[in-house]
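For reference, the structure discussed in these notes is given below.
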Amino acid sequence: MLIAFNKPFGVLSQFTDDGSGNRTLAEFDFPKNVYSLGRLDADSEGLLLLSDESELNDQLLNPRAAHQRIYRVQVEGIPSDESLKQLTKGVVIQGRKTLPCDAKLLDPQPTIAPRVPPIRFRKSVPDCWIELRLVEGKNR
């Protein structure tokens, strides 16, 4: 069984409470014995796959498989071509260099439905959406 779930903001990608006050997947009445294939941070939203097939988990998440993940990310400011190029070569996060990825400015910029709570708006700082195609998972 494979379930595609649009994980809302403020929901953990797990069924057990972690004490953070965020909601969990247990609130959504999924069938028994399914689990999340990967994770999105509580303050992220988007497609989360759930399955009862452990082999699928291994196929999608084992680093040896180098399975590509696509993220659309809203960032403050407009990244330069050089900044995007740096991302494609890998960047150092917590003392470790990430694997290369694909990074591009989305054109046209996507239209996103309003969210509760609303996405922070800053009058003096522009924002934009970029797309990242990664083969490794990192926290932020």
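As the structure is a prediction and not an experimental result, all values here were calculated from the model.
Between Leu48 and Arg39, the shortest heavy-atom contact is CD1-CA, 4.1 Å. Shown here for Leu12 and Ala42, the closest heavy-atom pair between the two residues is CD2-CB, 3.9 Å. Residues Ser20 and Asp18 come closest through the heavy atom pair OG-OD1, 2.6 Å. Gly19 approaches Asp17 most closely through the heavy-atom pair N-OD1, 2.7 Å.
Rounding to the nearest 0.5 Å gives a distance of 9.5 Å between CD of Glu45 and CG of Asp43. Taking OG of Ser54 as the reference point, atom CG of Leu37 lies at 10.0 Å (rounded to 0.5 Å). In this structure, CG on Leu87 lies 7.5 Å from OG1 on Thr98, to the nearest 0.5 angstrom.
Counting only heavy atoms from C-beta outward, the side chains of Leu49 and Leu47 approach each other to under 4.5 Å. Using a 4.5 Å heavy-atom threshold, the side chains of Gln68 and Leu134 count as separate. Between Cys128 and Val75, the closest side-chain pair of non-hydrogen atoms falls below 4.5 Å. Contact of the Leu2 side chain with the Leu56 side chain is registered, since non-hydrogen atoms from C-beta on lie closer than 4.5 Å. Side-chain contact between Leu132 and Val73: present, with at least one pair of heavy atoms (C-beta onward) separated by less than 4.5 Å. By the 4.5 Å heavy-atom criterion applied to side chains, Ser36 and Leu25 are counted as neighbours. At least one side-chain heavy atom of Arg23 sits less than 4.5 Å from a side-chain heavy atom of Phe28. Taking 4.5 Å as the limit, some side-chain heavy atom of Val34 sits within range of a side-chain heavy atom of Ile3.
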Show your reasoning for whether side chain to side chain contact (heavy atoms under 4.5 Å, CB included) applies to Gln59 and Asn57.
CA-CA 6 Å; Gln59 288 175 344; Asn57 185 35; over 6 Å; no
Give the C-alpha distance, both sets of side-chain angles, the deciding distance and a yes or no for side chain to side chain contact (heavy atoms under 4.5 Å, CB included) between Leu105 and Leu84.
CA-CA 8 Å; Leu105 188 66; Leu84 293 171; 4.3 Å; yes
Hey, mind stepping through Asp52 and Phe30 against side chain to side chain contact (heavy atoms under 4.5 Å, CB included) and telling me if it holds?
CA-CA 11 Å; Asp52 61 353; Phe30 290 112; over 6 Å; no
Determine, stepwise, if the pair Leu106 / Arg72 fulfils side chain to side chain contact (heavy atoms under 4.5 Å, CB included).
CA-CA 9 Å; Leu106 289 173; Arg72 288 188 168 185; 3.7 Å; yes
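In this structure, the side chain of Gln74 does not engage the main chain of Trp129 through any donor-acceptor pair within 3.5 Å. At distances below 3.5 Å, at least one donor-acceptor pair connects side-chain atoms of Glu53 with backbone N or O atoms of Met1. Looking at Gln14, its side chain does come within 3.5 Å of a backbone N or O of Thr16 through a donor-acceptor pair. Distance alone, capped at 3.5 Å, is enough to place a donor-acceptor pair between the Lys7 side chain and the Asp41 backbone. With hydrogens and angles disregarded, no donor-acceptor distance shorter than 3.5 Å links the side chain of Thr88 to the backbone of Cys101. A donor-acceptor contact shorter than 3.5 Å links the side chain of Arg69 to the backbone of His67.
Both Ile130 and Tyr71 sit in one connected hydrophobic cluster of ILVMFWY residues. Membership requires side-chain heavy atoms under 4.5 Å apart, directly or through other members.
Note on Glu136 versus Arg96: salt bridge recorded, some NZ/NE/NH1/NH2 to OD/OE distance being below 4.0 Å.
In this structure, Tyr35 has its ring center at least 6.0 angstrom away from the ring center of Phe15.
No more than 12 heavy-atom neighbours from other residues, nucleotides or ligands sit within 6.0 angstrom of CG on Asp81.
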